[in-house]
Amino acid sequence: MLIKKSSDIKSSEITPKNALLNRRTFLAGTAVASAAVATGLAWRELAAPSIVAQANTKIDGIQKSKFSTSEAITPFKDVSSYNNYYEFSTEKEEPSKLAGNLKTRPWTVAIDGLVKKKQTFDVDAIMKMATPEERIYRHRCVEGWSIVVPWVGFSLSELIKRADPLPKAKYVEFTTLEDPKQMPGLRVPVLKWPYLEGLRMDEAMNPLALLCFGMYGEALPNQNGAPLRMVLPWKYGFKSAKAIVKISFTEQQPVNTWNLSAPSEYGFYSNVNPTVDHPRWSQKTERRLGEFRKRDTLMFNGYGDQVASMYSGMDLRKNF
Ligand code: MTE
């Protein structure tokens, strides 16, 4: 996401070195993996220990979701070791090494702005507001890579109902943690901190908009946005804010960090759209982490049936 010329974009950003290495390790480890399955060992136990140590809190009572794709799931170790998390680093391999000590408890989320009652929720209370679902979503980064992840959470609408917004509220704004003591990337002014994101109210209420606190059956690893993040599968990955500390209801369209940083490159809507290129690269194809071939990117990342009607009549070239 860094503002780079196309000539600056290393091929490693498209086909990450570690994903290739992981693939080799995966191939070499297939026999071990089969043995693990045969002996009932969870496949997660095959992941690198440093990563396992950051997220081994099993979430109970997870139900399957009707919104899940049946596509092959990207290995945990790819999803948890190749991350965009600028509060830690602009390098994708770094957040998994630097975010381990982020303190995710106690953690509160303030609800403010145009609501009947401003209040603050403990994240553990939020997690109990509805039955956790496993939502296996495709997730497409604006930079051209994609992943398929069994996220755990429930529709953001469950929280919005409890927040009870006023009729004037037209948008939802997400503010994320800004703590320079814990997040070394904040010392670098690559973006304006804190990282902010926003949604129109109908987008926020869409059942696909996932308030997420886990993945692969366990609490989110810190590098993937613990303790609470959004996952918006029809939008480019940067819309899915990590480490949320405040949810505000507003009348005006909220500022979103990447739009503020490069308005001609990153819009407010940022719906996945293979027909609208990024000014410096095509959005027609993508590469799934751990794979070599490119695949076609789908309109709304393949979620058009559930979301396209929210944008009918809008010029998606202007509202990119
Ligand atoms: N949230 C915060 N707070 N800071 C970030 O830098 N990066 C975004 C998004 N959420 C980001 C963030 C981008 S660019 C992407 S692609 C996704 O997180 C990456 O999520 P993942 O690491 O779980 O794949």
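All residue numbers in this chain count up from 1 along the given sequence. We count ligands from 1, going down the list as the structure has it; atoms in each ligand are counted the same way.
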Ring pair (Phe, Tyr, Trp, His ring centres under 6.0 Å) between Y171 and F249, intermediate numbers included: CA-CA 6 Å; Y171 294 91; F249 294 83; over 10 Å; no
Stepwise ring pair (Phe, Tyr, Trp, His ring centres under 6.0 Å) test for H278 and Y266: CA-CA 8 Å; H278 183 280; Y266 309 107; 5.2 Å; yes
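Closest to atom 8 (C) of ligand 1, if we only count protein heavy atoms, is Y195 OH, 3.4 Å. Taking atom 23 (O) of ligand 1 as the reference point, the nearest protein heavy-atom neighbour is R229 NH1, 2.7 Å. Scanning all protein heavy atoms for the shortest distance to atom 24 (O) of ligand 1 gives I147 CD1, 3.7 Å. In terms of protein heavy atoms, atom 6 (O) of ligand 1 is closest to Y86 N, 2.8 Å. Nearest protein heavy-atom neighbour of atom 21 (P) of ligand 1: K242 NZ, 3.5 Å. Looking only at heavy atoms of the protein, atom 4 (N) of ligand 1 is closest to E87 OE1, 2.7 Å. Looking from atom 17 (C) of ligand 1 to the surrounding protein, the closest heavy atom is G237 O, 3.5 Å. If you check which protein heavy atom lies closest to atom 7 (N) of ligand 1, you get N84 O, 3.2 Å.
Remark: N101 CG is loosely packed, at most 12 non-hydrogen atoms of other residues, nucleotides or ligands lying under 6.0 Å away.
Heavy-atom proximity to atom 9 (C) of ligand 1, evaluated over G225, S89, S240, is greatest for S240.
With F300 as reference, Y311 is the one residue of Y269, Y311, Y236 to meet the ring-ring contact (aromatic ring centres under 6.0 Å, His included) rule. Tested against E291, the residues R287, R288, R295 include a single side-chain hydrogen bond (donor to acceptor under 3.5 Å, both in side chains) partner, R295.
Checked against the 6.0 Å centroid criterion, the rings of Y82 and W145 qualify as a close aromatic pair. For Y85 and F88, the ring centers sit closer than 6.0 Å to each other.
Residue-ligand proximity, N83 to ligand 1, at heavy-atom distances under 4.0 Å covers atoms 21 (P), 22 (O). Here is the list of ligand 1 atoms found below 4.0 Å of a heavy atom in C141: 16 (S).
An N or O contact shorter than 3.5 Å is missing between H139 and ligand 1 by distance.
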Show every donor-acceptor pair shorter than 3.5 Å between a side-chain atom in residues 106-114 and any protein atom, with sequence neighbours excluded, or say none if there are none.
from	atom 1	to	atom 2	distance (Å)
W107	NE1	I244	O	2.9
D112	OD1	S248	OG	2.7

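Side-chain contact check for Q283 and D277: no donor-acceptor pair (N or O, by modelled atom type) lies under 3.5 Å.
In this structure, E197 falls outside the shell of residues with a heavy atom less than 4.0 angstrom from ligand 1.
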